[in-house]
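One structure is given below, encoded as structure tokens.
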Amino acid sequence: MDFIIGLPPSRRGDKVYNAIYIIVDRYTKMALYLPIVKTITITELADLFLNEVVRRFGAPRGIISNCGSIFTSKFWSELYFTTKIKRRLSTAFYPQTDGQIERQN
């Protein structure tokens, strides 16, 4: 996913947009170009992602973005919050979070 910002304002219906949110599905190479405003919030972006991307392609296994780690972290956090998915983070030094893998091994 990426953004093109700094575009001249354009109107679509009643809304005025000045940026484009670009998503490319790595498997099908299909691209979506969604009009946005450059001041879009993370919450609005997560909603747009769910309504436009997940609806068409399904839930992603991963996201590649050059927007920076802080943006990506906030985006994933908001996406988890919006979908009510519980995050259970782990580290390389303490990989077990609920013991299921250890019981399986």
Side-chain angles (χ1 to χ4, degrees):
M1 88 173 130
D2 202 1
F3 300 93
I4 298 175
I5 59 171
L7 299 174
S10 64
R11 183 176 298 275
R12 183 177 182 190
D14 295 339
K15 293 193 168 193
V16 176
Y17 300 97
N18 59 3
I20 299 173
Y21 179 39
I22 303 167
I23 298 100
V24 177
D25 179 36
R26 290 189 299 170
Y27 180 69
T28 64
K29 307 300 185 224
M30 183 178 186
L32 289 176
Y33 300 91
L34 304 172
I36 60 171
V37 294
K38 69 179 179 180
T39 57
I40 191 168
T41 66
I42 292 290
T43 302
E44 293 169 334
L45 190 63
D47 288 339
L48 183 64
F49 185 83
L50 287 171
N51 293 331
E52 297 294 333
V53 178
V54 173
R55 180 176 59 87
R56 292 178 186 182
F57 301 115
R61 290 189 194 165
I63 294 176
I64 297 174
S65 173
N66 63 355
C67 296
S69 59
I70 294 173
F71 167 83
T72 305
S73 174
K74 287 181 181 180
F75 177 76
W76 275 110
S77 295
E78 188 60 35
L79 199 59
Y80 283 130
F81 179 78
T82 303
T83 57
K84 308 223 182 334
I85 295 172
K86 183 185 270 187
R87 283 195 318 170
R88 303 194 72 162
L89 301 176
S90 183
T91 67
F93 301 106
Y94 190 71
Q96 63 273 17
T97 55
D98 61 2
Q100 288 185 23
I101 292 295
E102 286 69 31
R103 285 193 295 275
Q104 186 65 35
N105 288 342

Please check if Val24 and Ile4 belong to a single hydrophobic cluster, counting links between Ile, Leu, Val, Met, Phe, Trp and Tyr side chain heavy atoms closer than 4.5 Å. yes
Q: Go through the steps to decide whether Phe3 and Leu45 satisfy the test side chain to side chain contact (heavy atoms under 4.5 Å, CB included), and finish with yes or no.
A: CA-CA 11 Å; Phe3 300 93; Leu45 190 63; 3.6 Å; yes
Worksheet item: Applying the 4.5 Å side-chain criterion to the ILVMFWY set and letting contacts propagate, would Ile20 and Phe75 be lumped into a single cluster?
Response: no
Those residues at least two apart in sequence (or on a different chain) that pass ring pair (Phe, Tyr, Trp, His ring centres under 6.0 Å) with Tyr17 are none
The remaining residues in the hydrophobic cluster of Tyr27, counting side-chain heavy-atom contacts under 4.5 Å among Ile, Leu, Val, Met, Phe, Trp and Tyr, are none
Donor-acceptor list for residues 47-54 side chains, cut-off 3.5 Å, not counting sequence neighbours:
| unit_1 | atom_1 | unit_2 | atom_2 | d |
| --- | --- | --- | --- | --- |
| Asn51 | ND2 | Asp47 | O | 3.1 |
| Glu52 | OE1 | Arg55 | NH2 | 3.4 |
| Glu52 | OE1 | Arg56 | NH2 | 3.1 |

Residue pairs meeting salt bridge (charged side-chain N to carboxylate O under 4.0 Å, His left out), one or both in residues 3-17, sequence neighbours left out, come to none
Leu79 and Ala46 have their tightest heavy-atom pair at CD1-O, 4.0 Å
Taken in chain and number order and not counting sequence neighbours, the residues that satisfy side chain to side chain donor-acceptor pair (under 3.5 Å) with Asn18 are none
Interatomic distance, CZ@Phe57 vs CD1@Ile23, rounded to 0.5 Å, equals 8.0 Å
Pairs under 3.5 angstrom only: tabulate donor-acceptor contacts from the side chains of residues 33-41 to other protein residues two or more places apart or in another chain.
| unit_1 | atom_1 | unit_2 | atom_2 | d |
| --- | --- | --- | --- | --- |
| Thr41 | OG1 | Glu44 | N | 3.1 |
| Thr41 | OG1 | Glu44 | OE1 | 3.4 |

### Task
Using the rule that two of Ile, Leu, Val, Met, Phe, Trp, Tyr join whenever any of their side-chain heavy atoms come within less than 4.5 Å, decide whether Met1 and Ile5 are in one cluster.
yes
